[in-house]
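Predicted, not measured: the structure shown is a model, and the values here were computed from it. Scope of the values below: all heavy atoms of this structure, side chains included, with no hydrogens, waters or symmetry mates. Indexing begins at 1, ligand by ligand and atom by atom, following the structure's order.
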Amino acid sequence: MRTPVYIANWKMFHSLETADAWLNWWFTHPLIDPPGNCATIVCPPSPLLYPMFSELQRWRHDELRLGGQALHHSFKGAFTGDVSGVALWSVGAQAVLVGHSERRHQHKETDDQIAEMMRQAYLCGLMPMLCIGETQDERDSGDTVSVLVRQLSTALASIDATTFAHRQGDPDLPTLVIAYEPIWAIGTGRSATAPLAQEALAVIEHWLIEKYGEVEVGKMSLVYGGSVTADNVATFTALPECDGVLVGGASLDPGQFQGSSSRDDGAGDWGDGRASGEFDRDGREALAWISSSDESERP
Ligand code: PGA
């Protein structure tokens, strides 16, 4: 069985204080029935990685891992404001999102740069979590499969079995995570239907098997992302090709993230998906404003 993977992408939300509150909530609310042998990876904004890493160590906590949200395609250099793979690794990240659609579109990351980022991730001992997916227009014009294949073949052009064999980092993590994230589903509240997600994940799995073979693909994980919540997560985790989810908005609240990480296949149940009341009652009121698009609501 491939490793179940649950990823929290905090995007540009949370601060030191609210990240601390998130972790405190997580530590003080033991999981009901944690799924065995799974990887749960939180991707906070980069400045929060090291303080969170220290907290995880302080609590001797190995159930959560940390990931970066992006890395530069060069090893080092004069790139003001960018973050290298080695810097992420040095502050406790074990994984990194690569090619998230918000990076592709807002930061104009190209397929070729994404291919270099994949190389950098392996070089620095980070498990890459490659995000691919089509726009609404591409889907409407029937181009979904060709978009997915183009994104896979460019990003993985120089990644082969030798890369996996020599990779650094935690050997318990999958060798590669591919996140199918239809762009029209990200942050819109309009998640893919089960048949659409299954169709795309099957295309991805088939392509990976053709390139790497069944044995190697058995060491990877495929996840779905795009408006995943506690209410719809089972739709995706029930799919045979789907090993987990990438959760954006719903991961800002630890209770909702636990709920969004449930599986309905007997592999475990992490929570009931209710927002963590304590998180707000602590007086932090964090969620109210971090989830809001209106910065004037900030206390
Ligand atoms: P969302 O984000 O869950 O808010 O749609 C998903 C993502 O970050 O890719």
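- Heavy atoms only, all atoms of each residue included: Leu222 and Glu241 are closest at CB-O, 3.5 Å.
- When the ring-ring contact (aromatic ring centres under 6.0 Å, His included) test is applied to Phe79, the partners found at least two apart in sequence or on another chain are His72.
- Under the 4.5 Å side-chain heavy-atom criterion for ILVMFWY residues, no single connected hydrophobic cluster contains both Val245 and Ile186.
- Proximity of Trp10 to Gln69: side-chain heavy atoms (C-beta onward) are separated by under 4.5 Å at one or more points.
- No continuous path of ILVMFWY side-chain contacts below 4.5 Å connects Ile183 to Ile178, so the two sit in separate hydrophobic clusters.
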Present, as a list of atom pairs with distances to 0.1 Å, all nitrogen or oxygen contacts under 3.5 Å between ligand 1 and the protein.
residue  : atom  : partner : partner atom : Å
ligand 1 : 2 (O) : Lys11   : NZ           : 3.2
ligand 1 : 3 (O) : Ser227  : N            : 3.4
ligand 1 : 3 (O) : Gly248  : N            : 2.9
ligand 1 : 4 (O) : Gly249  : N            : 2.8
ligand 1 : 5 (O) : Gly187  : N            : 2.6
ligand 1 : 5 (O) : Ser227  : N            : 2.8
ligand 1 : 8 (O) : Asn9    : ND2          : 3.0
ligand 1 : 8 (O) : Lys11   : NZ           : 3.0
ligand 1 : 8 (O) : His100  : NE2          : 3.1
ligand 1 : 9 (O) : His100  : NE2          : 2.8
ligand 1 : 9 (O) : Glu181  : OE1          : 2.8
ligand 1 : 9 (O) : Glu181  : OE2          : 2.6

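- Among all heavy-atom pairs drawn from Val5 and Val223, the shortest one is O-CG1, 3.7 Å.
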